[in-house]
Every structure is written in C-alpha cells, then in structure tokens.
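What follows is a short report on a single structure.
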Amino acid sequence: MAEVDGRKPDQAGVGSADAVMFCGPCGDVKASSFCKDCHEYLCSSCTRCHERLDITKHHQLLKGAQFPSIYPTRQQMASDSESFEKCNNHPLEDIKIFCKTHHVLCCVACSVAIHEHCKKDYIPDIAQSYIAGAEYSKLQTDIHDLDQLGVQCQADIDRCMKEVDKLNWDEVDKLKKYKEDIIKYLNKREKELIAEMQQLHDHDLSLLKDIQARLKTWQSDLSDAKAKLQSHQQNTYNLFLTAKRTLALVDQLQESLNDMQQQTRYQHYELVKDDHMEKILTDTTGVATLKSADVDVGIGNWTMFYLGLTPI
C-alpha cells in the first residue's frame, strides 16, 4: 500500500475539507472507504476485496459520513518508531502479509492480486507472538548450531591444510629417496658391466699379444733360413745340405703359422638393453605413479535448514 496520506501532491493541504482522497493500492483511483486497521484509503474495488479476504474482512472500514478527509501517515502512526520493509513488486507498499500457503512475505496489494485464496497472517498482529514462539526459538538454535559447525569446519580446514603440506613433503622425500635408490642401482650395474667389458678386453688383448710375440719369433726363424740359403748360392754342395735341412724347418714354420692364424681372433660383444628398462624409459608413467583417494576429515553431517521465508 502506498506510503502516502491518500492525496495527490498537487491537491489541497492536510486537513482541507475539499481534499480528494485516492486509493492507496491503486494510486490514481478515487477512494470510497478508509481502513482503520491498515490506515489506508481504498477504492470501491479494493474495498470489496478487503471485505472478502479472510485476513482483512474483519477490519473496520469507514464509509459515507464516517469517511475521513485526512489521516496521519503510517510513519506518524508508528509511535514506537517501527519501520516497515518495502515490497519489491510494489515499492510504495509495506510488507505486512505472510502467505502461509506459499511461505512468502508480501504486501496487501500482492495479497489481493496474487494470494487472494491463500492462508495468510497479518504480520503486525502475529510478530510479537512469533518472536516468543517455537519456530523463532528453533531458528536461534539452528543459527547457533550453524555457527558451531562453522567453527568446527574452520578447524578441520586448518588441520587438513597442515596434513596436505606434510603429505606433500613426505611423498616428495619418498620420491627423492626412490630416485637415489635407482641411481645407486644404475651405478652398480654400470660398474659391473664395465668390469665385464674390461675383462673381455684384457683377455683378448693378452691372447693377441702372445700371438704377436710368437709371430716375431717365427719371422726371425724364417729370416734366418732365407739368409742361410742365400749364403750358399755359390756352393752347390753346401746349398744342397742347407736346403734339405731347411725343408723340415719350413714345414714347422707353416704349421706354426697356421696355428697362429687360427688363434688370431677376439670375442665380439655389444650392450643389449634390458627390455623392462626400455619399457620404463618409454612409458609416461614409468618408475612410479600416484594413487590418490579422498580423505574423510570426519566433520560429521551438515544440517540444511529451510526457513520457509522467501520475500518477493
């Protein structure tokens, strides 16, 4: 209902006998009655609605000769300095109605237009008893409980943040230790493989050096035989004797050369990569993975409170 005294601003002043009063809810329709309970001027249509609604049908309406030409504003009537919240749908109207059917707060205009057939309470009449009633008492208890749950939730969050930090430190340390173990293992295997390669190298090199020494002796014997034959080229008798003796030596040298040729070899080796390690190196989740799971911090069940009040 409009927060006015029933007159248009350009009309006669307060107390004027010829002042024209207009309907508070409608604003521009001439009023035909005045509700002493609502302190509101009403047109004929709003008067009929007022008389028909359960919540207002017992209000005292002034008509005809009793129709007042002026009445104090609601602010003046509220001697206890009580102020009313304005309706969102009707900015000039006070929220004075609670629709029990739809659980909404509204003004008288909304009550007539939207909630005509609903069960309603007139807020100024029930506010005092409501504050002393069970629902308001439960509301205070619920708010207190929510406050305690909020404190508990903050404590749980603080504890979880510390545990999250500690968990991270512990798992990072574990990963670093695991890395150190892997490096130690790789270093150990590297040393073992290098030692094995060196052993093969030394063995083959020793054999080849031994054959090389035998070859030098063989070459010396062959050179001696050639020199002796060359020295007797002018004496056929001595050349014959030397040649016959050299035949046996040539057979020995041939046999010795064949033996050295057969022994001139080495062991070929190459590094064969481990299949499991190769798979780890090419696997995006190799070495280790993370297994995660939600941790129940144990804060208990939350309680949701439906107050049933939805201002419109």
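Along the sequence shown, residues carry numbers from 1.
Scanning all heavy atoms of the two residues, the minimum distance from Cys49 to Val112 falls at SG-CG1, 3.7 Å. Taking each heavy atom of Gln267 and His203 in turn, the nearest pair found is NE2-ND1, 3.6 Å. Minimum heavy-atom separation, Glu116 to Leu53: O-CD2, 3.2 Å. Between Lys120 and Cys99, the shortest heavy-atom contact is CG-CA, 4.1 Å. The nearest pair of heavy atoms linking Gly24 to Glu40 is CA-OE2, 3.2 Å. Between Tyr41 and Phe22, the shortest heavy-atom contact is CB-O, 3.4 Å.
Applying the salt bridge (Lys or Arg N to Asp or Glu O under 4.0 Å) definition to pairs two or more places apart or across chains, none involves residues 262-273. Applying the salt bridge (Lys or Arg N to Asp or Glu O under 4.0 Å) test to pairs two or more places apart or on separate chains, those with a residue in residues 209-238 are Arg214-Asp259. Residue pairs meeting the salt bridge (Lys or Arg N to Asp or Glu O under 4.0 Å) criterion with at least one member in residues 102-113, sequence neighbours excluded, do not occur. Sequence neighbours left out, the pairs with a member in residues 274-283 that pass side-chain hydrogen bond (donor to acceptor under 3.5 Å, both in side chains) are Asp283-Thr285.
From Asp121, atom CG reaches atom NZ of Lys100 across 4.5 Å, with rounding to the nearest 0.5 Å. Within the model, atoms NE2 of His115 and OG1 of Thr101 stand 9.0 Å from one another, a figure rounded to the nearest 0.5 Å. Atom-to-atom distance recorded for Thr56:OG1 and Ile97:CD1 is 7.5 Å, nearest 0.5 angstrom. How far CZ of Phe34 is from CZ of Phe67: 9.0 Å, rounded to the nearest 0.5 Å. Here the OH-CD1 distance, from Tyr130 to Ile123, works out to 10.5 Å after rounding to the nearest 0.5 Å. Interatomic distance, Cys160 SG to Asp165 CG, rounded to the nearest 0.5 Å: 11.5 Å.
Between the side chains of Ser32 and Ser44, no donor-acceptor pair of N or O atoms lies under 3.5 Å.
Taking Glu171 as the reference, Lys174 meet the salt bridge (charged side-chain N to carboxylate O under 4.0 Å, His left out) condition, with sequence neighbours excluded. For the side chain to side chain donor-acceptor pair (under 3.5 Å) test, no residue two or more places apart in sequence or in another chain qualifies with Asp294. Contacts of Lys244 classified as salt bridge (charged side-chain N to carboxylate O under 4.0 Å, His left out), with partners at least two apart in sequence or in another chain: none. Residues passing the salt bridge (charged side-chain N to carboxylate O under 4.0 Å, His left out) test with Asp181, sequence neighbours excluded: Lys177. Among residues two or more places apart in sequence or in another chain, the salt bridge (charged side-chain N to carboxylate O under 4.0 Å, His left out) test is passed with Arg189 by Glu192. Residues satisfying the side chain to side chain donor-acceptor pair (under 3.5 Å) criterion with Lys166, sequence neighbours excluded, are Asp170. Residues satisfying the side chain to side chain donor-acceptor pair (under 3.5 Å) criterion with His201, sequence neighbours excluded, are Gln198.
Using a distance-only test at 3.5 Å, with no hydrogens or angles considered, no donor-acceptor pair links the side chain of Ser111 to the main chain of Cys107. A donor-acceptor pair is defined here as one N or O able to donate and one able to accept, closer than 3.5 Å; such a pair exists between the side chain of Thr246 and the backbone of Thr242. Side chain of Asp147 to backbone of Ile143: no donor-acceptor contact under 3.5 angstrom is found. A distance-only check finds no donor-acceptor pair linking the side chain of Ser206 to the backbone of Asp202 [under 3.5 Å].
Under the 4.5 Å side-chain contact rule for hydrophobic residues, Leu200 and Leu193 share a cluster. Taken together through direct or relayed side-chain contacts under 4.5 Å among Ile, Leu, Val, Met, Phe, Trp and Tyr, Leu271 and Tyr269 form part of one hydrophobic cluster. Residues Tyr178 and Trp169 fall into different hydrophobic clusters, defined by Ile, Leu, Val, Met, Phe, Trp and Tyr side chains chained together at heavy-atom separations under 4.5 Å. Both Ile182 and Met277 belong to a common hydrophobic cluster when Ile, Leu, Val, Met, Phe, Trp and Tyr are linked at side-chain heavy-atom distances under 4.5 angstrom.
Only one option out of Ile131, Asp125, Ile126 pairs with Ser129 in a side chain to side chain contact (heavy atoms under 4.5 Å, CB included); it is Ile126.
A 6.0 Å sphere centred on CD of Gln233 holds more than 12 heavy atoms belonging to other residues, nucleotides or ligands. Around OH of Tyr266, the count of heavy atoms belonging to other residues, nucleotides or ligands within 6.0 Å does not exceed 12. Within 6.0 Å of CD in Gln140 there are more than 12 heavy atoms belonging to other residues, nucleotides or ligands. Counted within 6.0 Å of CG on Leu290, heavy atoms from surrounding residues, nucleotides or ligands total 12 or fewer; the atom is thus considered open.
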Criterion side-chain contact (heavy atoms from CB on, under 4.5 Å) on Gln199 and Ile194, from CA distance to verdict = CA-CA 9 Å; Gln199 183 179 6; Ile194 290 176; over 6 Å; no
For the pair Gln60 and Asp37, evaluate side-chain contact (heavy atoms from CB on, under 4.5 Å) and give the outcome as yes or no after the intermediate values.
-> CA-CA 6 Å; Gln60 185 177 0; Asp37 295 274; 3.9 Å; yes
Please test Gln66 against Leu61 for side-chain contact (heavy atoms from CB on, under 4.5 Å), starting from the C-alpha separation and ending with a verdict.
-> CA-CA 9 Å; Gln66 294 181 327; Leu61 298 178; over 6 Å; no
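Side-chain contact between Asp204 and His268 is absent, with no heavy atoms from C-beta onward closer than 4.5 Å. The shortest side-chain heavy-atom distance between Leu62 and Lys36 falls under the 4.5 Å cut-off. Taking 4.5 Å as the limit, some side-chain heavy atom of Glu190 sits within range of a side-chain heavy atom of Asn187. In this structure, the side chains of Phe240 and His232 stay at 4.5 Å or more apart for every pair of heavy atoms. Side-chain atoms of Leu149 and Gln152, non-hydrogen and from C-beta on, do get closer than 4.5 Å to each other. At a threshold of 4.5 Å between non-hydrogen side-chain atoms, the residues Cys35 and His50 count as touching. Looking at Gln212 and Leu208, their side chains never come closer than 4.5 Å, going by heavy atoms from C-beta outward. Counting only heavy atoms from C-beta outward, the side chains of Leu92 and Lys86 never approach each other to under 4.5 Å.
Grouped by direct or indirect side-chain proximity (heavy atoms under 4.5 Å, Ile/Leu/Val/Met/Phe/Trp/Tyr only), Met260 sits with Ile211, Leu215, Trp218, Leu222, Leu249, Leu253, Leu257.
We find that Lys176 and Asp173 are not joined by a salt bridge, their nearest charged nitrogen and carboxylate oxygen being 4.0 Å or further apart.
A cation-pi arrangement is present between Lys96 and Phe84, with the terminal nitrogen or guanidinium carbon under 6.0 Å from the aromatic centre and inside a 45° cone about the axis.
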